[in-house]
Amino acid sequence: MWDFISANAQVLTLCITAATLIVWTVYGQLMAKGLYRSQLPRLFLKQAGGRGLQSRCYLANMGLESAYLRSVFIDMQTADGHARGTVNAYQPASDEEAGGGYTRTGVLGPVQGNAHISLGRFSDLLESSAFDAGLTASRKAPVSTINLQRLTVTAILNYGPDEKLIGAVRDFSLDSAGEHVGPTSVDTTLLKGWRHRRRLKRDLQRVMRSDY
């Protein structure tokens with residue numbers, strides 16, 4: 001046995017070195033992949049508090065990186081066509097009413113990793129965006145006055161240390177009576193390609209306000 005090892009020491013050393021190199025290469029790739037996955041954006045738009053218009057729309061940031069919410073757009077499909085409004089100027093309820101904990105109120109601002117914020121009640125979001133789009137004459141006009149059928153919520157954020165723009169989109173529908181709202185898509189769609197970023201930047205430029 002020792003004679004074999006002595007006679008083939010160089011070959012064995014080369015094999016052990018190669019095996020060690022392979023192990024460390026695989027380990028390094030797994031570490032890099034894990035780091036890359038941990039930095040991927042994981043944003044979710046969700047509904048909580050029932051299916052009525054008083055239910056709330058939440059934005060959850062389940063990634064490790066912090067984000068900054070720049071704007072929220074509501075695309076509304078009515079019997080008369082399509083309209084888009086923003087809710088940047090809307091001020092939701094107090095922190096106590098929103099539930100406290102890791103939830104804060106206010107539309108624009110930071111969203112920490114593994115945290116969520118309340119964008120507000122669907123009724124308030126729709127009333128504010130309908131007024132912004134010129135569908136109603138008052139910010140408090142009831143949603144029923146615009147005969148709304150479907151809506152799409154789009155949140156635009158700067159995500160991570162590079163602050164690249166990213167969008168989180170989810171579709172919702174209203175019943176025929178206009179009293180209940182619910183998601184029509186299972187997941188939240190993320191807009192993160194360079195073409196999406198160009199479009200999101202144009203959207204922000206159209207609604208430049210003092211909030212920015």
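We're numbering straight along the sequence, starting at 1.
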Rounded to the nearest 0.5 Å, how far does [atom2] of [Y] lie from [atom1] of [X]?
{"X": "Tyr68", "Y": "Leu108", "atom1": "OH", "atom2": "CG", "result": "6.5 Å"}
{"X": "Met76", "Y": "Leu151", "atom1": "CE", "atom2": "CG", "result": "8.5 Å"}
{"X": "His196", "Y": "Leu190", "atom1": "NE2", "atom2": "CG", "result": "10.0 Å"}
{"X": "Met62", "Y": "Asn114", "atom1": "CE", "atom2": "CG", "result": "5.0 Å"}
{"X": "Ser71", "Y": "Leu69", "atom1": "OG", "atom2": "CG", "result": "7.5 Å"}
{"X": "Ile74", "Y": "Thr154", "atom1": "CD1", "atom2": "OG1", "result": "7.5 Å"}

CZ (Arg195) with more than 12 external heavy atoms under 6.0 Å: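 Result for CZ/Arg195: open.
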When you compare the side chain of [Y] with that of [X], does any pair of heavy atoms fall below 4.5 Å?
{"X": "Asp203", "Y": "Arg84", "answer": "yes"}
{"X": "Thr86", "Y": "Ser129", "answer": "no"}
{"X": "Leu157", "Y": "Leu43", "answer": "yes"}
{"X": "Leu135", "Y": "Leu148", "answer": "no"}

As a quick check of understanding, evaluate side-chain contact (heavy atoms from CB on, under 4.5 Å) for Leu191 and Arg199, giving each step before the final call. CA-CA 10 Å; Leu191 308 178; Arg199 193 184 81 187; 3.1 Å; yes
Stepwise side-chain contact (heavy atoms from CB on, under 4.5 Å) test for Val111 and Ser66: CA-CA 6 Å; Val111 187; Ser66 298; over 6 Å; no
Which heavy atom of [X] sits nearest to which heavy atom of [Y], and what is that distance?
{"X": "Arg197", "Y": "Lys192", "result": "NH1-O, 2.8 Å"}
{"X": "Pro110", "Y": "Ile117", "result": "O-CG2, 4.4 Å"}
{"X": "Ser123", "Y": "Gln54", "result": "OG-NE2, 3.2 Å"}

What pairs of donor and acceptor atoms, side-chain ones from residues 44-53 against any protein atom, are under 3.5 angstrom apart with sequence neighbours left out?
unit_1, atom_1, unit_2, atom_2, d
Gln47, OE1, Arg51, NH1, 3.2
Gln47, NE2, Gly50, O, 3.4
Gln47, NE2, Ser55, OG, 2.9
Gln47, NE2, Val181, O, 3.0

State plainly whether one hydrophobic cluster holds both Ile146 and Phe131, where clusters connect Ile, Leu, Val, Met, Phe, Trp and Tyr through side-chain heavy atoms under 4.5 angstrom apart.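 Different clusters: Ile146 never reaches Phe131 through Ile, Leu, Val, Met, Phe, Trp or Tyr contacts under 4.5 Å.
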Identify which one of Glu163, Lys164, Arg70 satisfies the side chain to side chain donor-acceptor pair (under 3.5 Å) criterion when paired with Asn158.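 Single pass found, and it is Arg70.
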Please report the C-alpha distance between Val72 and Leu59 in whole Å, then the side-chain angles of each, then the deciding distance to 0.1 Å, and finally whether the side-chain contact (heavy atoms from CB on, under 4.5 Å) criterion is met. CA-CA 10 Å; Val72 178; Leu59 172 65; over 6 Å; no
Indicate yes or no for a side-chain donor-acceptor contact from [X] to the backbone of [Y] under 3.5 Å, with no hydrogens or angles considered.
{"X": "Arg56", "Y": "Phe122", "result": "no"}
{"X": "Asp175", "Y": "His180", "result": "yes"}
{"X": "Asp132", "Y": "Gly85", "result": "no"}
{"X": "Asn61", "Y": "Glu65", "result": "yes"}

Under the side-chain contact (heavy atoms from CB on, under 4.5 Å) rule, collect the residues that match up with Ala79, sequence neighbours excluded.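 Per chain and number, Ala79 pairs via side-chain contact (heavy atoms from CB on, under 4.5 Å) with Asn147, Gln149.
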Among Val153, Leu200, Ile156, the one residue meeting side-chain contact (heavy atoms from CB on, under 4.5 Å) with Phe73: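 Testing Phe73 for a side-chain contact (heavy atoms from CB on, under 4.5 Å) against Val153, Leu200, Ile156 leaves exactly one candidate, Ile156.
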When you check the gap from the basic side-chain N to the acidic O, do Arg150 and Asp75 get nearer than 4.0 Å?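 No.
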For residues Asp171 and Ser185, is any side-chain donor paired with an opposing acceptor at under 3.5 Å?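 Judged by distance alone, the side chains do not pair up.
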